[in-house]
Amino acid sequence: MTAFVFNEINFDDHEQVVFASEAKSGLKAIIAVHNTNLGPAMGGCRMWNYADEAEAVRDVLRLSRGMTYKNAVAGLPIGGGKSVIIGNPKTDKTPALFEALGEALERLGGRYVTAEDVGTSPADMANVASKTKYVAGLGDRGDPSPYTALGCFVGAQAAVKHHLKRDSFDGLTVALQGLGHVGYDYARQLKEAGAKLIVTDIDQGALKRAQEELGAEVVAIDAIYDVQADIYAPCALGATLNPDTLSRLKAKIVAGGANNQLATPEMGEICRQKGILYAPDFVINAGGIIKVCYEYLNTPEDGMVAHVRRIGETLAEVFARADAEGLPTSVVADRIAEARFKK
């Protein structure tokens, strides 16, 4: 298995990859610490019903690397890491499971700090916290999604100003994929700013709510790539920017909250060649980790919203450099991050 991890395509000189198990609770988890040059690794804990162990390894390696880049570009004093629990989040959760994860984190001595992610909640993190202090995103103040949505909104503002030479969303159409906590709040802000919404989701209740509250037009899951829109906002699954979708996409801007939006690094160059301005995902969706970091480090929160809003300024810098250097925005964002965390 060690050889498998080192040879996995997403292995990127990770400092540490830990497999944690506990028989009584049934815990099977993988913790990946990618880089701690800027501080302790921080990133959420995902619980997912992975097809096999190899898929879980692939996911945790990819996600932990992404957190290093996200945290560095956001100007946070933390490194990047991630953890995954192999299991069905709808049927396999128990307090003991997350307590066992807490014990595993405690053994790492603070090298990695976790928080909620896909398939986990602040309540789950409270169970982790009963066994370790290396956890953030607790209680009613723990939900980072409104800050992720705010970062997406100011990021989209920066993209519209740069690429469409406009200062408002009035009359613009946004094709938004995914109406979870982040996606719905992002959609609300876009609607209030004057945008027309075309949305899709597997959750029929969320779609009905978007129709009734936001006046959104609903389309089928796969049809979202074919609609006439100014902005495509992926807020659900990753890898939705791929050869198939990019051949169909009519939007001039991609600005959404999903992680790992590029199916392969080459998709960033294809976006550039097609005249699509891509707001790199780990830059635009950093609002949540900014919030969690402020909370964990007990930093005064009066500056937190201003920090999230600086995502727009960061993206403006990325866009300008990409134009000047003739490079994909994804490459420029990577270089900004690497200049900060690499030694």
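Rounded to the nearest 0.5 Å, atoms CG (L277) and CG (D323) are 7.5 Å apart. Separation of atoms CG (N242) and OG (S247) is listed at 8.5 Å; rounding is to 0.5 Å. Atom OH of residue Y69 and atom CG of residue D334 lie 5.5 Å apart, to the nearest 0.5 angstrom. Between the CG atom in D13 and the CZ atom in F11 there is a gap of 5.5 Å [rounded to 0.5 Å]. To the nearest 0.5 angstrom, E192 atom CD is 8.5 Å from L214 atom CG. Distance check: T314 OG1 to R309 CZ gives 14.0 Å after rounding to the nearest 0.5 Å.
Looking only at distances, a side-chain donor or acceptor of T94 sits under 3.5 Å from a matching main-chain atom of L97. Between the side chain of T148 and the backbone N or O of G288 there is at least one donor-acceptor pair closer than 3.5 Å. E116 places no side-chain N or O within 3.5 Å of a backbone atom of G44 that could act as its donor or acceptor partner.
Taking hydrophobic clusters as Ile, Leu, Val, Met, Phe, Trp and Tyr residues chained together by side-chain heavy-atom distances below 4.5 Å, I85 shares a cluster with M125. Linking Ile, Leu, Val, Met, Phe, Trp and Tyr whenever their side-chain heavy atoms come within less than 4.5 Å leaves V318 and V254 in two separate clusters. Connection of L246 to L176 is not established within any shared hydrophobic cluster, with ILVMFWY side chains joined at heavy-atom distances below 4.5 Å, either directly or through further cluster members. No chain of hydrophobic side-chain contacts below 4.5 Å, direct or via other Ile, Leu, Val, Met, Phe, Trp or Tyr residues, connects I231 to V219.
You'll find the side chain of E217 stays beyond 4.5 Å of the side chain of L197, heavy atoms only. Residues I276 and K252 form no side-chain contact, since every pair of their non-hydrogen atoms from C-beta on lies 4.5 Å or further apart. Within the 4.5 Å cutoff, the side chain of H181 has no heavy atoms near those of the Y186 side chain. When side chains are defined from C-beta on, I311 counts as touching I290, because their heavy atoms get closer than 4.5 Å. A 4.5 Å side-chain heavy-atom check between Y232 and I253 finds every atom pair outside the cut-off. Looking at heavy atoms from C-beta onward, S168 lies in side-chain contact with R166 at the 4.5 angstrom threshold. Under the 4.5 Å side-chain criterion, counting only non-hydrogen atoms from C-beta, K291 is in contact with M304. A heavy-atom distance below 4.5 Å is not found between the side chains of V128 and E99.
Within the cation-pi definition used here (under 6.0 Å to the ring centroid, within 45° of the axis), R209 qualifies as a partner of Y184.
Across all their heavy atoms, A104 and A20 have their closest contact at CB-CB, 3.8 Å. The heavy-atom pair separating L172 from D230 by the smallest distance is CA-OD2, 3.3 Å. The shortest heavy-atom contact between A32 and H14 is CB-CD2, 4.1 Å. The shortest non-hydrogen separation linking L76 to L38 is O-CD1, 4.2 Å.
Atom CD1 of I221 is surrounded by more than 12 heavy atoms from other residues, nucleotides or ligands within 6.0 Å. A 6.0 Å sphere centred on CZ of R340 holds more than 12 heavy atoms belonging to other residues, nucleotides or ligands. Heavy-atom neighbours of K90 NZ from other residues, nucleotides or ligands within 6.0 Å: at or below the threshold of 12. The number of heavy atoms from other shown groups lying within 6.0 Å of NZ (K93) is above 12. With a 6.0 Å radius and a threshold of 12 heavy atoms from other residues, nucleotides or ligands, K250 has its NZ atom above the threshold.
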*Start with the C-alpha gap between Y112 and T114, add the side-chain angles, then the distance that decides, and say whether side chain to side chain donor-acceptor pair (under 3.5 Å) holds.*
CA-CA 7 Å; Y112 167 68; T114 198; 3.0 Å; yes

*Verify side-chain contact (heavy atoms from CB on, under 4.5 Å) between D124 and M47, making sure each step is shown before the conclusion.*
CA-CA 11 Å; D124 300 324; M47 185 171 184; over 6 Å; no

_Residues L63, N260; criterion side-chain contact (heavy atoms from CB on, under 4.5 Å); working and verdict_ = CA-CA 8 Å; L63 292 168; N260 303 302; 3.5 Å; yes

_I'd like to know whether F153 forms a ring-ring contact (aromatic ring centres under 6.0 Å, His included) with F169, so could you lay out the CA-CA distance, the side-chain angles of the two residues, the decisive distance to 0.1 Å, and finally the verdict._
CA-CA 11 Å; F153 179 75; F169 290 97; 5.4 Å; yes

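No salt bridge links K28 with E53; every basic N to acidic carboxylate O contact stays at or beyond 4.0 Å. Look at R58 and E8 and you find a salt bridge, because one of the NZ, NE, NH1 or NH2 atoms lies within 4.0 Å of a carboxylate O, short of that distance. Residues D12 and R62 are not paired through a salt bridge, judged by the lack of any N-O separation under 4.0 Å between the basic side chain and the carboxylate.
Side-chain contact, N35 with K342: no donor N or O sits under 3.5 Å from an acceptor N or O. With no hydrogens or angles considered, a side-chain donor-acceptor pair links T36 and E15 at under 3.5 Å.
F319 and Y278 have their aromatic ring centers separated by at least 6.0 angstrom.
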